[in-house]
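Report on one structure; see the data block that follows.
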Protein chains: 2
Amino acid sequence: MSDSVVLDPVDLEILRLLQNDARTTYRDLATAVGIAPSTCLDRVGRLRRSGVILGHELRLDPARLGRSLEALLSVQVRPHRRELIGPFVERVRALPESRALFHLTGPDDYLVHVAVTGTADLQRLVLDEFTSRREVARVETRLIFQQWVCGPLLPPT
Amino acid sequence: MSDSVVLDPVDLEILRLLQNDARTTYRDLATAVGIAPSTCLDRVGRLRRSGVILGHELRLDPARLGRSLEALLSVQVRPHRRELIGPFVERVRALPESRALFHLTGPDDYLVHVAVTGTADLQRLVLDEFTSRREVARVETRLIFQQWVCGPLLPPT
DNA sequence: TGTGAAAATTTCAAATG
DNA sequence: CATTTGAAATTTTCACA
């Protein structure tokens with residue numbers, strides 16, 4: 001289920017191109033990698049079915065949607081048992097402010113990436129959705145000054 | 001440049017649908033929100049030009065690409081001056097292992113999300129690309145057990 | 001994997017309210 | 001002036017070589 005997949009140079013080149021713009025047409029893709037459009041269709045379909053391609057996503061600007069403040073919350077959940085962390089994860093995932101959630105090693109069990117309208121909204125979020133919870137032992141808030149999405153996630157050619 | 005944009009309910013519904021699948025056709029989008037496909041084209045174009053839509057991205061599974069270990073590195077850059085942090089940011093962004101980079105408030109200046117092939121690769125990355133640097137005062141590594149991408153980033157309806 | 005043709009979609013100019 | 005119509009251009013998709 002989580003096995004690495006065999007990818008030939010053509011597959012890699014296709015992924016590289018699609019990472020720059022997921023809307024690149026099969027026709028353009030085909031001419032770029034030197035195969036027929038139908039073969040491209042085939043390959044991309046295979047990459048999707050094999051799980052290498054998880055999905056086509058729209059990247060939105062939170063600031064333009066009124067969420068101009070982003071932050072990372074480090075959260076300790078105690079006791080750290082399945083009965084408690086399952087519901088905790090689900091609640092956090094369901095929050096409209098949540099962008100991403102990580103379960104980590106180390107003293108802080110979870111890291112939550114949130115986007116809010118401002119500091120008041122952030123305070124409300126921390127107090128009402130985190131520290132007020134019995135299982136949340138500690139929350140540490142760090143604001144995000146700036147963030148960068150890094151280049152194509154691809155194995156070296 | 002970073003102003004919030006006026007979005008009517010139709011725009012929001014379009015964004016909501018495209019967040020679930022960025023490849024939804026204008027035709028399907030149109031029937032779903034109750035307008036003509038050409039108007040959809042127009043609206044999506046406007047959303048792109050206004051900066052709400054930053055791009056169409058492919059989401060890949062790092063594990064299937066041979067990067068089955070992910071981690072977060074907290075990094076202190078000292079002294080924290082522009083002459084040093086500029087090049088630091090650029091170097092980190094250029095690493096093939098980097099997935100995302102955050103500049104944060106708090107004692108740890110940067111958080112780097114990396115995807116590597118295994119612990120040996122992670123050790124090499126930390127030692128050769130971070131702690132060996134004069135400006136890097138401290139690196140704290142936390143492994144990612146599990147991560148979740150959270151639901152559509154959208155203002156409440 | 002490629003070819004070629006059919007189906008579907010995108011795109012645009014002109015028309016509409 | 002945003003929206004729709006309708007038709008042309010392009011792209012996707014599929015059967016078959």
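Naming: A, B, ... by sequence-line order, numbering from 1 per chain. Side-chain atoms are counted along with the backbone in the values below, which use heavy atoms only and exclude waters and symmetry mates.
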Categorize B:T25 for me: base, sugar-phosphate, or nothing, with a 4.0 angstrom heavy-atom threshold over every strand shown.
sugar-phosphate
Whole Å only: how far is the CZ atom of B:R43 from the C1' atom of D:dT4?
13 Å
Selected nucleotide, minimal atom distance to B:A36 side chain, candidates D:dT5, C:dT3, C:dC12
D:dT5
Quick check on C:dG2: is either OP1 or OP2 less than 4.0 Å from any side-chain nitrogen or oxygen of A:T39?
yes
Decide whether B:Q19 and A:E57 meet the rule of one side-chain donor and one side-chain acceptor closer than 3.5 Å.
no
What is the distance, to the nearest angstrom, from the CG atom on A:L41 to the C1' atom on D:dA15?
13 Å
Pair A:F102 + B:H113: ring centers closer than 6.0 Å
yes
Just compare D:dT5, C:dT10, D:dT13 and give me whichever is closest to any side-chain atom of B:Y26.
C:dT10
Considering every strand and a 4.0 Å limit on heavy-atom distances, what is the contact class for A:R23: base, sugar-phosphate, or nothing?
nothing
Short N-O contact, A:E97 and A:R67, less than 4.0 angstrom:
no
Nucleotide nearest B:R27 when distance is taken to its side chain, options C:dT1, D:dT5, C:dT9
C:dT9
How about CD on A:Q123, more than 12 heavy atoms from neighbouring residues, nucleotides or ligands closer than 6.0 Å, or not?
no
Please report the distance, rounded to the nearest Å, between CG in A:L29 and C1' in D:dT11.
13 Å
Between C:dT11, D:dT13, D:dT4, which nucleotide gets closest to the side-chain atoms of B:P37?
C:dT11
Options C:dT3, D:dT5, C:dT1, nucleotide nearest the side-chain atoms of A:D42:
C:dT1
Length of the line joining A:D28:CG and C:dT9:P, which is rounded to integer Å:
19 Å
Identify which nucleotide among D:dC14, C:dT11, D:dT13 has an atom closest to any side-chain atom of B:S38, counting heavy atoms from C-beta outward.
C:dT11
